[in-house]
Amino acid sequence: MRAVLWLLVAVLAIRQLAAVFRLPPGERLTDLDSWTGENGVLHLNGSLYDTHQFTGTPFAGLALKPLASSAEQSLGVAWTFGTLLLVAALGVVVARALPGTVSRRTSLLAAPVVISLLMLSLPVRNTLNLGQTSIIPVLLVLLGCFAARGERSSGLLIGLAAALQPTMLLFVPLLWLTGRRRAAVSTTATFVACTALAWAVMPGDSWAYWIHHVAGAGLGAKPAGLANQSLHGALLRFGMHGPLEIAAFLALAAAVTGLGLWRAVRYAKDGQLLLAVAVTGCVAVAVSPTAWQHQLLWILLAVVGRVGTRASNRMVWPALVVLAMTLPGTMLLPNIEAVFPIRDNVLLLVALTAACAVPFLPRTSPYWQNPVPTDYATPLPARWERVPFAPFWRRVVTRPNLLLELLAIRVGYSVYAHIRAAATGGRSTAEAHGRTIVSIEEFLHIDIEHWANHAMVKLPRLESFLNFYYQSFHFVVPLTILAVLYIRRPSDYRWARTGLSFATLLALVGFFFYPLAPPRLMPGMGFIDTAHGVQDLAHPDYGALTAMTNQYAAMPSLHFGWSLWCGIVIVVLAPKWWMKALGVVHPLLTVTAIIGTANHWVLDAVGGATVVAAGFGLTYLLAGRRELSKTPQGPLHPDQEPGKPEIPAGRRGPATTPHARSEQSAQA
């Protein structure tokens, strides 16, 4: 496993290198080029801040000056490889700084996992593309806190980080209040010495940065842009300007700093120094006048905090942080105007919650090492002896965490929509496949699309109803069923959700390998597009709907597939006959709508039914029967692992669940 994870690290590193060097010379390492290029600010005789291209401290400019004489091409290659080495070093330091006692397995696997997450994170990808230096202050602080020998050397490293990024001075009160006062003094002295050196060598630049631009607060283009994930940037985006915005920013920054540092000191004294450092870094992100995307690595480090007393809730906070740090906000939240303030500031909100709100568990909590275990159901025997194929896939009787489930559904659908939109095979291929479908249906005597389409057009009320049904119920009905199952029947919710997920994944395979033009986009066949209006069949790639979705992702039909899934779930689980009847009506109306509106062929519906059947089949093969025993199996004892013989009751520790206590009472 360790070898596989390190191989993954190597693959991600190669991928990042390829992503950088594949860009044209004028589009890669743009920040580095603006500093050290032929017309870069480090070559100019004037101030570093005349063009607003350089936003670092004067000491950072002084440190970068020698690079201006390097060959631009070789510098870019060396800079990119050097950044990857810094990321690897950062991952190793973080892995060795994990709080508490970790197992040998965790210690072996932690470093490649951390490096992989860093490689995938938005800050590292942004840093590599721009040629930024933002990883260096983070690494210096972590080396000062976890690797340096002696408090003076620790303060020297953190002071250098503060000289490069002044908000790192927030670590001084953390050091002081946790008893490392010599390190706090050394940090301050190093920062003052580096700043004084830069002031002596570059007095004009130092005056411009510290006085004229108020410690760099006025530097950088578009501070109100989405790239600035700080409180200052958020207030500007909300429309506040002038003295009112400055007063609000200072008040909020003071409150966040006080509360965040108080929490960081608590976690440091509790033995969770890495979490304390991450919380302090999140405070620095929020209160900095500008916190660009490449400066937000501190948020990812907050993933080490443990949240929740139940084992089933432990993954909520790590999943939220990792998703926020690896995916754009448009994938996390839908394109609805009401959620734009959250979507546009999602990284800032995660930093604020990590600094001020998330109730991280202390190590003294009884749930730190032993959270409340999950209750599992006893599966009923399957028809075939080898089913389930994945015995470790144990059926949980309680409902999953709602936030984690919503995130998984949203991200899963975003990935599905992205892959579906990218699975274009070209117009000629899609139309050729369409003619093949027509030939097969003619041979089978099921080519009813043209007749159904023109018959529906002659009945305006039926046409309006089926158009409305086609456009409105595709998402509403499946989501409603999932919501009802989540509330009323959690174990069946997991079964139904898994079957739907497998069916959707299998449909993506069809979209990729068999692009198919729907009837309404087949030229010369006389179909009428009732739902979307007249299309330009001479240039269908530029039709009105192409910007919304892939027009050639027709086989299989997920309109019918999802409706059939709804019908099966209702028929199997509904308690009353009329509910089961409604479950049958929904896929019948859907198949009528998709054929009558000329959006799908009959064989597309057959394909949709096939992937749904395969989805339920895979769920059965991997997890076993849907039905569960009425007697719960209870949580897995810490001394028992899946696949090992059950430990006799008399040799186990004390019962920790109501089910175990009732068993002991019955035995007594």
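Each residue takes its place number in the sequence, starting with 1.
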Find out whether [X] and [Y] are in side-chain contact, i.e. whether some heavy atom of one side chain is under 4.5 Å from a heavy atom of the other.
| X | Y | value |
| --- | --- | --- |
| M202 | L62 | yes |
| T133 | L164 | no |
| S153 | L157 | no |
| I115 | V94 | no |
| R152 | R182 | yes |
| I135 | H294 | no |
| L197 | V201 | yes |
| L332 | R410 | no |

Measuring from [X]:[atom1] to [Y]:[atom2], what's the distance to the nearest 0.5 Å?
| X | Y | atom1 | atom2 | answer |
| --- | --- | --- | --- | --- |
| L143 | L156 | CG | CG | 11.5 Å |
| L352 | I299 | CG | CD1 | 9.0 Å |
| F191 | T188 | CZ | OG1 | 9.0 Å |
| L140 | I158 | CG | CD1 | 9.5 Å |
| T330 | D344 | OG1 | CG | 10.0 Å |
| L320 | M315 | CG | CE | 11.5 Å |

Of the non-hydrogen atoms in [X] and [Y], which two are nearest, and what is the gap between them?
| X | Y | result |
| --- | --- | --- |
| Q369 | P371 | O-CD, 3.4 Å |
| S230 | P289 | OG-O, 3.1 Å |
| A319 | L404 | CB-CD1, 3.4 Å |
| A198 | S206 | O-OG, 3.4 Å |
| A234 | N345 | CB-OD1, 3.7 Å |
| V20 | L128 | CG2-O, 3.8 Å |

Should we say atom [atom1] of [X] is surrounded by more than 12 heavy atoms from elsewhere, each under 6.0 Å from it?
| X | atom1 | value |
| --- | --- | --- |
| F340 | CZ | yes |
| W207 | CH2 | no |
| Y367 | OH | no |

Exam field: side chain [X] to backbone [Y], donor-acceptor pair closer than 3.5 Å:
| X | Y | answer |
| --- | --- | --- |
| N228 | W292 | no |
| R125 | T326 | yes |
| Q16 | M119 | yes |
| R180 | G155 | no |
| S312 | T374 | no |
| Q229 | T290 | no |
| Q272 | L361 | yes |
| S154 | A148 | no |
| Q293 | A227 | no |
| N126 | L122 | no |

Acceptor/donor pairs from residues 239-258 side chains to any protein atom, 3.5 angstrom cut, sequence neighbours excluded:
from : atom 1 : to   : atom 2 : distance (Å)
E245 : OE2    : H232 : ND1    : 2.7
T257 : OG1    : A253 : O      : 2.7

Criterion side chain to side chain contact (heavy atoms under 4.5 Å, CB included) on V87 and L139, from CA distance to verdict: CA-CA 8 Å; V87 172; L139 181 59; over 6 Å; no
Side chain to side chain contact (heavy atoms under 4.5 Å, CB included) evaluation trace for S121 with L297: CA-CA 8 Å; S121 66; L297 265 181; 4.0 Å; yes
Sole residue of L175, T167, L174, V141 in side-chain contact (heavy atoms from CB on, under 4.5 Å) with T280: L174
Partners meeting side chain to side chain donor-acceptor pair (under 3.5 Å) with Q132 (sequence neighbours left out): D31
Residue list, side chain to side chain donor-acceptor pair (under 3.5 Å) with R310, at least two apart or on another chain: none
Side chain to side chain contact (heavy atoms under 4.5 Å, CB included) assessment of V172 paired with V185: CA-CA 8 Å; V172 172; V185 172; over 6 Å; no
Mutual orientation of the aromatic rings belonging to W298 and F171 [parallel < 30°, tilted 30-60°, perpendicular > 60°]: tilted
Verdict with reasoning, D270 to T364, per side chain to side chain contact (heavy atoms under 4.5 Å, CB included): CA-CA 8 Å; D270 184 57; T364 54; 4.1 Å; yes
Aromatic ring proximity F21/W79, centre distance under 6.0 Å: no
F59 and W210: CA distance, side-chain angles, deciding distance, ring pair (Phe, Tyr, Trp, His ring centres under 6.0 Å) verdict: CA-CA 12 Å; F59 179 76; W210 293 107; over 10 Å; no
From CA spacing to verdict: side chain to side chain donor-acceptor pair (under 3.5 Å), S134, T127: CA-CA 7 Å; S134 53; T127 297; 3.1 Å; yes
Lys/Arg cation over aromatic W317: R314, 6.0 Å, 45° cone: no
